[in-house]
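Down below is the structure, laid out as structure tokens.
Order of the sequence lines fixes the chain letters, A, B, ..., with proteins taken first and strands second; residue numbering starts at 1 for each chain. What you see is a predicted model, and the numbers here were worked out from it, not measured in a lab.
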Amino acid sequence: MPISHDAHTVKQFDAQLANLRNLVLEMGGLVEDQIKNAVKSLDDEDLTLAREVIARDQIINGLQVKIDEDTITLIATRQPVGSDLRLIMSLSKAVTDLERIGDEAEKIARMTIKTYDVVSSPPSAKLLRDVTPMAKLATDMLHGCLDALARVDVEMAVNVARGDDNLDQEFQSALRRLITYMMEDPRTIGHAISVLFIIKALERIGDHAKNIAEYIIYLVKGKDVRHVSMDTLEKDALAE
Amino acid sequence: MNTTTIETKTALDGAVNPDVREAPLSSAQITDYDHRQTVGRITADNPKMACREVNVYYSEKHALRQVSLDIGANEVIAFIGPSGCGKSTFLRCLNRMNDTIVSCRITGHIQLDQDNIYDKSIDVVQLRARVGMVFQKPNPFPKSIYENVAYGPRIHGMINGKAELDELVYASLERAGLIKEVEKRMDEPGTSLSGGQQQRLCIARAIAVNPEVILMDEPCSALDPIATAKIEELIDELRENYTIVIVTHSMQQAARVSQRTAYFHLGDLIEVGETDQIFTNPRHKLTEDYITGRFG
């Protein structure tokens with residue numbers, strides 16, 4: 001059953017739902033900026049920007065608390081059912097993943113500081129070569145799932161879910177390369193481990209974005225597509 | 001299944017002679033309106049009652065259209081829908097309460113176990129003992145608490161002697177969760193009880209004649225939340241022994257007490273399904289709009 005776009009008899013309920021959705025999208029926008037800035041701070045060796053990213057994580061945490069409070073109030077006062085219930089549950093779960101994505105951005109920013117805020121030599125460019133393409137994949141996935149959430153678009157959500165396989169494969173290749181560098185020259189091990197943490201963070205961002213895409217499919221189709229194969233996910237999501 | 005189509009035009013107390021037509025309803029007769037097909041599974045694995053193509057007319061008004069639905073044994077099924085949707089009308093068909101309305105005409109087929117309840121041979125008084133009813137407003141007889149419960153078994157000749165009657169009255173009040181509150185005041189009038197107690201007295205009265213199905217027409221709408229909770233708890237317990245059909249305006253109540261839910265709209269049965277499916281992922285837009293409060 002597609003989602004009803006008609007207004008509720010109680011208009012305040014519509015306003016509350018719209019408000020909740022806007023808060024989640026606002027949080028998503030902030031989280032997106034956080035990742036971009038965290039990766040940029042690494043690229044530009046910009047410690048000031050990295051510290052800003054770390055500080056701004058508090059704003060995202062604050063939004064999570066605010067959205068959770070609003071969600072509880074909505075459930076307590078409106079007893080949502082049907083697509084309203086699915087919307088509220090999906091938003092509430094998406095918020096948890098967004099907050100975690102924010103934490104991953106903070107981790108990357110901390111790695112920037114750890115890597116460049118010391119007197120020892122910076123990592124060579126080849127150690128960092130996988131970060132930019134993986135960051136692009138991860139931010140595209142996040143952007144895609146936020147877009148899909150804003151437009152309540154199942155096809156976009158399916159595309160995001162598909163993208164996660166790519167990112168996982170990139171992570172595995174990057175990992176193999178890092179191991180090779182470390183075996184060739186043990187002096188790179190310190191920096192290589194930092195890079196490993198960074199690409200792991202990017203890989204996790206992809207997982208969280210995929211989770212959000214799955215909540216969108218649940219929201220629209222009422223089908224729980226977590227922990228199923230990609231084939232089943234596509235079948236359930238795109239079935240009429 | 002016997003597909004006899006029946007048509008009743010009976011006056012008050014309508015126990016007698018529904019005019020039985022042998023021919024099934026022709027499709028031409030049912031195309032005079034924009035009938036909506038029911039979404040979802042209308043059948044039950046273990047049906048206690050089976051209704052097929054039930055139509056109800058009040059004079060010219062076509063109040064219920066082509067409703068087909070099974071009511072499963074030992075299930076609680078909730079009928080929901082806006083006022084005037086036909087849910088109470090359909091409920092009242094199930095024990096022929098509509099027979100008492102002069103202008104009411106019913107076609108279709110309703111079966112209780114193997115019996116066509118609109119068959120000529122059916123004794124309506126016996127039918128209503130098998131399919132009991134609890135109403136929106138508690139309506140105890142103006143008699144003692146004891147007599148309210150004893151009345152049914154006595155007129156149905158179900159008991160031999162005072163001791164047996166006492167036992168049945170106590171057992172019924174016990175099942176209705178009322179015995180502790182009334183055992184010391186059995187001779188006081190039923191109307192002296194609180195609203196919630198009166199409603200449980202009416203339930204005790206209904207189950208005293210050992211019915212198979214209990215119909216409840218908004219049984220909690222006149223009760224406070226605590227009395228409502230007691231009735232809901234009771235409904236869940238009664239399900240072990242009885243089949244329960246409940247009409248309710250409270251969707252939360254339907255969600256709490258029933259296993260299946262049927263949604264009616266302007267005389268059509270729109271959707272029927274497992275209650276959790278209806279309240280989390282309804283398939284019909286009208287169901288969705290109703291349960292989420294989107295009717296203007």
Side-chain angles (χ1 to χ4, degrees), chain A residues 1-21 71-94 152 154 157 214-226 228 232-233 235-240, chain B residues 36-41 77-85 220-221 225 228-229 232 246 248-266 268-296:
Chain A
M1 163 68 224
I3 294 171
S4 188
H5 295 288
D6 297 346
H8 288 87
T9 307
V10 180
K11 301 215 169 37
Q12 204 197 348
F13 189 15
D14 283 325
Q16 285 171 320
L17 281 175
N19 187 40
L20 189 70
R21 219 166 97 160
T71 303
I72 289 168
T73 306
L74 262 180
I75 293 173
T77 55
R78 303 288 177 199
Q79 291 101 41
V81 292
S83 64
D84 297 334
L85 178 62
R86 300 203 305 275
L87 175 64
I88 289 170
M89 289 310 293
S90 300
L91 289 177
S92 174
K93 283 175 153 289
V152 197
V154 186
E214 288 166 353
Y215 308 147
I216 296 165
I217 294 168
Y218 172 70
L219 161 63
V220 179
K221 296 291 180 175
K223 284 267 175 61
D224 192 338
V225 293
R226 294 173 303 172
V228 301
T232 312
L233 181 146
K235 205 172 109 255
D236 284 347
L238 302 175
E240 276 313 308
Chain B
R36 296 184 185 87
Q37 289 294 323
T38 303
V39 170
R41 182 168 172 237
I77 183 167
F79 294 171
I80 60 171
S83 294
C85 69
C220 300
S221 59
T228 298
E232 288 179 4
I246 179 170
T248 174
H249 270 141
S250 159
M251 277 170 296
Q252 274 73 38
Q253 179 167 68
R256 286 190 298 261
V257 302
S258 69
Q259 287 78 55
R260 277 166 85 218
T261 297
Y263 172 64
F264 290 80
H265 182 88
L266 295 176
D268 290 317
L269 173 56
I270 298 293
E271 179 168 0
V272 59
E274 303 288 324
T275 296
D276 55 0
Q277 176 252 313
I278 295 283
F279 284 98
T280 57
N281 192 16
R283 289 166 57 193
H284 200 290
K285 183 173 187 308
L286 285 170
T287 318
E288 166 81 20
D289 284 353
Y290 179 69
I291 62 166
T292 59
R294 283 184 163 89
F295 279 139

Q. Rounded to the nearest 0.5 Å, what separation is found between the CG atom of B:Asn281 and the CZ atom of A:Arg86?
A. 4.5 Å
Q | Taking every non-hydrogen atom, the tightest pair across B:Thr292 and A:Phe13 | A | O-CE2, 4.3 Å
Q: Could you go through the side-chain contact (heavy atoms from CB on, under 4.5 Å) check for A:Val81 and B:Thr280 one step at a time?
A: CA-CA 6 Å; A:Val81 292; B:Thr280 57; over 6 Å; no
Q. What is the minimum heavy-atom distance between B:Glu288 and A:Asp84, and which atoms define it?
A. OE2-N, 4.4 Å
Q) Any idea which heavy atoms bring A:Gly82 and B:Pro282 closest together, and the distance? A) CA-CD, 4.0 Å
Q) Which heavy atom in B:Asp289 sits nearest to a heavy atom in A:Asp6, and how many Å separate them? A) OD2-OD2, 3.4 Å
Q) Okay, side chain of B:Arg294, backbone of A:Thr9: is any donor-acceptor separation there less than 3.5 Å? A) no
